[in-house]
*Asks:* 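Could you have a look at this structure, given as structure tokens, before my questions?
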Amino acid sequence: MARYELKLPKMGESVAEATITNWLKQVGDSIAADEAVLEIATDKVDSEVPSEVSGTLVEQLFQKDDLVQVGQTIAIIETAGDAPAAAPVAEVAAAVATIEQTVSVAKDLVTAPDFKSSDRFYSPLVKNIAKTEGVSLAELDMISGSGKDNRVTKDDLLKFIENRKSAPQAPAVAPQVAAAPVVSAVSEAPKAVPVSVNGADEIVEMDRMRKLISGYMVASVQTSAHVQSFIEVDVTNIVKWRDKVKTAFEKREGEKLTFTPIFMEAVAKALKDFPMMNISVDGDYIIKKKNINLGMAAALPNGNLIVPVIKNADQLNLVGMAKAVNDLGNRAKAGKLKPDDTQGGTYTVTNVGTFGSVFGTPIINQPQVGILALGAIRKVPAVIETPEGDFIGIRQKMFLSHSYDHRVVDGALGGSFVKRVADYLEAFDVNRDF
């Protein structure tokens with residue numbers, strides 16, 4: 001018999017880890033090639049990990065809710081066939097060297113927190129002390145800073161380290177050769193389950209996705225100073241043009257033409273005109289993004305929302321934009337988005353008009369600084385200016401609601417940006433080809 005190591009596969013350039021949400025196979029179960037062994041979650045996307053071989057699951061190296069790094073062995077599968085012959089001494093030495101290098105890298109990772117993943121600002125001195133003393137980012141984020149804006153000072157960190165050294169130490173355990181589960185440095189206290197007072201109320205625990213969304217929304221409101229600007233847009237020409245070409249578009253391109261790619265096209269143009277809306281914030285620093293990657297809110301099968309990203313949206317024509325919008329939207333509905341599909345967004349658009357809302361005040365998708373809500377398109381009476389005078393007519397209008405981070409975006413920029421989007425939509429060429 002031979003033993004096969006099932007590793008966490010690479011799932012995208014920006015995805016380095018995943019959480020195990022469910023084991024589909026238990027120890028002793030038979031597994032066919034390409035059959036799913038477990039389910040994992042990365043950020044908001046759930047997916048399955050299949051086996052490349054047939055055999056029997058003999059060991060699970062991680063448990064449910066454990067965090068696993070890409071490339072780590074997560075299970076052992078015993079396959080039919082002879083066990084491999086003993087490795088030559090040179091191969092053993094090479095394997096030992098590899099393990100030693102892995103341990104060294106692991107130590108570096110433990111003592112070198114990824115400060116970019118934190119919303120808090122840490123000075124270079126605090127970062128160096130944390131690396132030297134092996135203080136994790138989770139521990140740093142727990143420290144209540146005494147500096148300006150609750151920043152962690154050198155004295156705060158040294159006091160934390162001193163208290164940690166004086167705390168009772170857990171008994172030492174023998175090191176394991178197999179990859180150990182990555183656990184949080186801070187254990188959450190068990191939360192009490194609410195009790196129905198009258199016995200008639202139903203108590204339902206949030207699913208993992210809703211817990212994530214809840215955390216993101218609260219963190220965003222606590223991080224950014226949200227301000228909104230609203231503008232009404234006459235999209236009569238766009239509605240008429242789409243009605244005229246949508247059948248031919250679908251026949252030629254094999255894609256439905258919705259309003260979303262038309263709006264996305266205008267947003268991408270406006271972001272090129274106002275690059276300071278295409279930024280993110282890291283502490284006291286502003287990061288100007290080179291690429292324009294538009295996030296678009298889409299529905300998941302369970303009713304939750306997710307934000308897949310259209311990469312380099314400003315480089316797409318209308319056909320390319322329509323294909324990208326439809327592809328991401330369809331895969332979101334089918335639950336087939338890949339982890340990398342939700343990474344790298346620089347600005348987000350959400351269509352609240354889908355649910356009949358005239359306008360909304362969306363919450364910023366961190367670490368971005370702006371999000372645009374598209375309201376429902378409605379027929380309304382409007383004043384029409386002509387050389388012969390003003391008239392009342394029926395027009396197709398909608399509201400654009402722009403939420404932006406007032407820490408770095410002032411009213412002039414936030415208002416000018418959404419006005420530019422409106423200008424592009426109202427100047428839409430009804431004679432254009434698709």
Side-chain angles (χ1 to χ4, degrees), residues 14 16 43 108-161 184-186 212 215-229 270-295 307 309 342-348 361-372 402-418:
S14 56
D43 196 3
D108 290 341
L109 289 174
V110 170
T111 58
D114 181 11
F115 295 101
K116 293 182 180 179
S117 63
S118 175
D119 292 330
R120 298 183 70 180
F121 173 80
Y122 297 106
S123 68
L125 176 58
V126 168
K127 291 179 180 179
N128 288 333
I129 296 175
K131 291 178 182 179
T132 304
E133 298 294 333
V135 178
S136 69
L137 184 59
E139 292 174 308
L140 270 178
D141 287 342
M142 283 185 60
I143 300 174
S144 179
S146 61
K148 182 181 178 182
D149 298 328
N150 295 323
R151 290 182 183 173
V152 176
T153 65
K154 178 188 72 172
D155 292 338
D156 295 330
L157 180 55
L158 293 177
K159 182 178 179 181
F160 171 82
I161 294 171
S184 171
V186 181
L212 283 172
Y216 293 150
M217 296 300 98
V218 172
S220 181
V221 173
Q222 292 176 340
T223 300
S224 297
H226 283 62
V227 178
Q228 284 81 29
S229 292
L271 285 173
K272 292 191 73 172
D273 296 340
F274 295 93
M276 286 305 292
M277 282 305 312
N278 197 55
I279 65 174
S280 64
V281 180
D282 185 358
D284 291 338
Y285 296 92
I286 293 173
I287 302 173
K288 298 176 68 175
K289 300 294 185 177
K290 177 181 179 181
N291 299 327
I292 295 176
N293 300 333
L294 289 183
V307 185
V309 177
T342 61
Q343 306 295 321
T346 61
Y347 189 88
T348 298
T361 54
I363 295 176
I364 297 168
N365 188 11
Q366 298 294 330
Q368 300 167 25
V369 299
I371 180 171
L372 185 70
H402 185 210
S403 295
Y404 47 94
D405 188 344
H406 212 358
R407 295 179 302 167
V408 290
V409 180
D410 291 327
L413 174 57
S416 297
F417 170 78
V418 71

*Asks:* Tell me, please, which residues at least two apart from Phe417 pass ring-ring contact (aromatic ring centres under 6.0 Å, His included).
*Replies:*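 Partners of Phe417 under the ring-ring contact (aromatic ring centres under 6.0 Å, His included) test: Tyr347, His402.
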*Asks:* Return the minimal non-hydrogen interatomic distance between Ile143 and Leu157, and the atom names on each side.
*Replies:* CD1-CD1, 4.0 Å
*Asks:* State which residues pass side chain to side chain contact (heavy atoms under 4.5 Å, CB included) with Ser220; sequence neighbours excluded, sorted by chain then number.
*Replies:* His226, Ile363, Ile364, Gln366
*Asks:* Please determine whether side-chain contact (heavy atoms from CB on, under 4.5 Å) holds for the pair Val409 and Met277, giving the CA-CA distance in whole Å, both sets of side-chain angles, and the decisive distance to 0.1 Å.
*Replies:* CA-CA 7 Å; Val409 180; Met277 282 305 312; 3.6 Å; yes
*Asks:* State, to 0.1 Å, how close Val227 and His406 come at their nearest heavy-atom pair, and which atoms those are.
*Replies:*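 Looking at all heavy atoms of both residues, the shortest contact is CG2-CD2, 3.3 Å.
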*Asks:* May I ask you to decide if Arg407's main-chain N or O and Asp405's side chain share a donor-acceptor pair within less than 3.5 Å?
*Replies:*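 It does hold such a pair.
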*Asks:* Sequence neighbours excluded, which residues qualify as side-chain hydrogen bond (donor to acceptor under 3.5 Å, both in side chains) partners of Ser229?
*Replies:*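 Partners of Ser229 under the side-chain hydrogen bond (donor to acceptor under 3.5 Å, both in side chains) test: Tyr404.
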*Asks:* Sequence neighbours left out, what passes side-chain hydrogen bond (donor to acceptor under 3.5 Å, both in side chains) with Asn293? Give chain and number order.
*Replies:* none
*Asks:* List the steps and the verdict of side-chain contact (heavy atoms from CB on, under 4.5 Å) for Leu271 and Leu294.
*Replies:* CA-CA 10 Å; Leu271 285 173; Leu294 289 183; 3.6 Å; yes
*Asks:* For the atom pair CD1 (Ile279) and CD1 (Ile286), what is the distance rounded to the nearest 0.5 Å?
*Replies:* 4.5 Å
*Asks:* By side-chain hydrogen bond (donor to acceptor under 3.5 Å, both in side chains), which residues pair with Thr346, not counting sequence neighbours?
*Replies:*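 Residues passing side-chain hydrogen bond (donor to acceptor under 3.5 Å, both in side chains) with Thr346: Asn278.
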*Asks:* Report the C-alpha distance between Val369 and Met276 in whole Å, list the side-chain angles of each, state the deciding distance to 0.1 Å, and finish with yes or no for side-chain contact (heavy atoms from CB on, under 4.5 Å).
*Replies:* CA-CA 9 Å; Val369 299; Met276 286 305 292; over 6 Å; no
*Asks:* Got a sec, which residues hit side chain to side chain contact (heavy atoms under 4.5 Å, CB included) with Ser416, two or more places apart in sequence or on another chain?
*Replies:* Phe274
*Asks:* Show your reasoning for whether side-chain contact (heavy atoms from CB on, under 4.5 Å) applies to Val135 and Ile161.
*Replies:* CA-CA 8 Å; Val135 178; Ile161 294 171; 3.9 Å; yes
*Asks:* Give a yes or no on whether the backbone of Ala270 and the side-chain of Asp273 come within a donor-acceptor separation of less than 3.5 Å.
*Replies:*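 No.
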